[in-house]
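Below: the structure, in structure tokens.
Numbers for residues simply follow the sequence, beginning at 1. Both backbone and side-chain heavy atoms feed into the values below; hydrogens, waters and symmetry mates do not.
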Amino acid sequence: MSTTPAVEELAGLSATTLLRFATAGSVDDGKSTLVGRLLHDSKSVLVDQLEAVEVASRSRGAAEPDLALLTDGLRAEREQGITIDVAYRYFATPRRRFILADTPGHVQYTRNMVTGASTADLAVVLVDARNGVIEQTRRHAAVAALLRVPHVVLAVNKMDLVGYEETVFARIAEEFTAYAGELGVPEITAIPISALAGDNVVEPSANMDWYGGPTVLEHLETVPVSHDLTGCHARLPVQYVIRPQTAEHPDYRGYAGQIAAGTFRVGESVTVLPSGRTSKVAGIDLLGTPVDVAWTPQSVTLLLEDDIDVSRGDLIVPSHDAPATSQDIEATVCHVADTPLTVGQRVLLKHTTRTVKAIVKEIPSRLTLDDLSQHPSPGQLVANDIGRVKVRLAEALAIDTYADSRRTGSFLLIDPADGTTLAAGMAGESFATAEATTSVEDEDGWDF
């Protein structure tokens, strides 16, 4: 089939290397300054942005531009000198494109790191060289490991305040590497930096000739993006059913959505879950143009050979690679709400484009970050807690394990009363049978 210039351009962008990374660290470790330095020294700041930062810095009596203001955009952030919300920045160098998420460091906003790191290929964890590894550092390492971020950079910041001492850096790097290794972080790279002075951020430092590794930017440009989602289990969550019913296309019925993982091809046998109905891909529309093949993260419309019932929230998968469906989910969750999550609580579970009623049946354990031990049967999870939960669903869902797919193995628990997000979940192996069971509801529709 022929392709349009728009389709060819999209295919070219998909082939271009893109790195998503997140920064994390405790309060005043210098995350926003690092990001600002990274943007400034890589020539990724517009002239008017830099002028605005210079004006704001002079109004505070600062002789030099406060590069942290490039990312701390909220008024409350500038007043308090801390990061509150996740700040996203997009920039590029000749070698790679980047999407950066600058996440908060205060313990109150640890949950925001879950948002920023959930799609990250790499996490930069900052440590103040004067303070070393603290509880919040361990918390961020645990979140990165839990979210299966494949690459972690330990940036030991403010080396200028400890006289650029190699022994200080070596001690912190050894402690963090041992801790992160116990968590299962697959790759850790330690870099000594001074974000304020620019040492080892974009250019090598003349003050640390004992360090022979890469700068932060050099590592970001060269780290392999090892997770190729096109080779993963193919999954298309249906977001919208398209039926134009025009004279030109009287029988058109397409199922639109963003491919979460893998590749779909015309003629391939597929199964629609949770119903289990099967068909074949009759066509694929990409930007209004028919194509033979489509892959993640493209947004497409699939046409099927058979006229079967497919609705928003259904999952289209290859028939030979269909996940099991179940009403029982066991998972690890990061609790992000101010109100506790308790046993017996009624919640909504949002998985891809589908939302179902659920009940928290059990909270088997809570992770203790100090020694990585499991505290059994805590009874509830409070804000920033990480723990295991068992959830019973009102209807069966097809959820992959998070180890197999970060996109289709994750979910949210939501308060049905006001829509507040309660927890971000990473599904493990189902503790019930893989077969869907019959839903039994009480008169309120909540006991399953």
Side-chain angles (χ1 to χ4, degrees), residues 22 24 26-27 74 76-77 80 82-86 101 103-119 135-136 138-140 142-144 146-147 327-370 373-395 397 399 402 409-428 431 441-448:
S26 188
V27 175
L74 296 179
E77 293 178 324
Q80 299 179 54
I82 64 173
T83 300
I84 295 175
D85 200 3
V86 180
T103 67
H106 196 283
V107 63
Q108 179 182 351
Y109 304 111
T110 303
R111 50 197 170 187
N112 296 54
M113 185 199 170
V114 177
T115 301
S118 61
T119 58
E135 181 182 356
Q136 190 70 342
R138 292 191 289 269
R139 189 181 299 275
H140 288 146
V143 171
L146 181 63
L147 294 173
Q327 283 183 260
D328 297 286
I329 303 298
E330 182 170 5
T332 299
V333 301
C334 293
H335 190 61
V336 300
D338 292 326
T339 56
L341 183 72
T342 58
V343 175
Q345 187 170 348
R346 300 174 177 184
V347 297
L348 298 177
L349 186 146
K350 186 181 190 316
H351 175 249
T352 63
T353 57
R354 193 180 193 92
T355 302
V356 301
K357 293 179 178 180
I359 290 180
V360 179
K361 301 299 289 185
E362 186 180 348
I363 303 178
S365 63
R366 183 185 69 240
L367 179 66
T368 303
L369 293 175
D370 288 336
S373 63
Q374 295 288 339
H375 178 73
S377 303
Q380 66 177 14
L381 298 177
V382 299
N384 298 318
D385 275 351
I386 298 172
R388 296 287 294 175
V389 299
K390 295 181 179 181
V391 181
R392 174 73 169 176
L393 310 178
E395 53 191 275
L397 287 184
I399 300 182
Y402 193 77
S410 59
F411 61 87
L412 296 177
L413 296 182
I414 300 171
D415 188 336
D418 58 11
T420 300
T421 299
L422 300 173
M426 284 63 69
F431 63 94
E441 299 184 355
D442 68 358
E443 55 191 21
D444 295 325
W446 281 94
D447 289 335
F448 317 126

For the CG atom of Leu367 and the CZ atom of Arg139, what is their distance to the nearest 0.5 Å? 9.5 Å
Keeping Tyr402 on the side-chain end and Leu147 on the backbone end, is there a donor-acceptor pair under 3.5 Å? yes
Gap between atom NE2 of His351 and atom CD1 of Ile399 - 0.5 Å precision: 4.5 Å
Looking only at non-hydrogen atoms, find the nearest pair between Pro340 and Gln380 and report the distance. CB-OE1, 3.5 Å
One should read off an interatomic distance between Glu135 CD and His140 NE2, to the nearest 0.5 angstrom, of 10.5 Å
What's the shortest heavy-atom distance between Phe411 and Met426, and which atoms? CE2-N, 4.1 Å
When you look at Leu381 and Val389, which way does the side-chain contact (heavy atoms from CB on, under 4.5 Å) test go after all the steps? CA-CA 10 Å; Leu381 298 177; Val389 299; 4.1 Å; yes
Test your reading of the model: is there a side-chain donor-acceptor pair from Gln327 to the backbone of Arg392, 3.5 Å cut-off? no
Separation of Thr339 OG1 from Asp418 CG (nearest 0.5 Å): 8.0 Å
In short, Leu422 meets His335 closest at the heavy-atom pair O-ND1, 2.9 Å
Ignoring hydrogens, what is the shortest heavy-atom contact between Val336 and Ala423? Give both atom names and the distance. CG2-N, 4.0 Å
Pairwise side-chain contact, Lys357 with Arg346, heavy-atom cut-off 4.5 Å (strictly under): no
How close do Ile386 and Ala142 get, heavy atom to heavy atom, and via which atoms? CD1-CB, 4.4 Å
Is any side-chain heavy atom of Leu397 closer than 4.5 Å to one of Leu349? yes
Spatial distance of atom CG (Leu393) from atom CG (Leu348) [nearest 0.5 Å]: 11.0 Å
Quick one: does Lys390's side chain get under 4.5 Å of Pro364's, heavy atoms only? yes
Is it the case that the side chain of Arg388 and the backbone of Gln374 share a donor-acceptor pair, with hydrogens and angles ignored and the cut-off at 3.5 Å? no
What are the two closest non-hydrogen atoms of Asp338 and Ala383, and how far apart are they? CA-CB, 4.5 Å
Say you draw a straight line from OG1 of Thr352 to CG of Leu412; how long is it, rounded to the nearest 0.5 Å? 10.5 Å
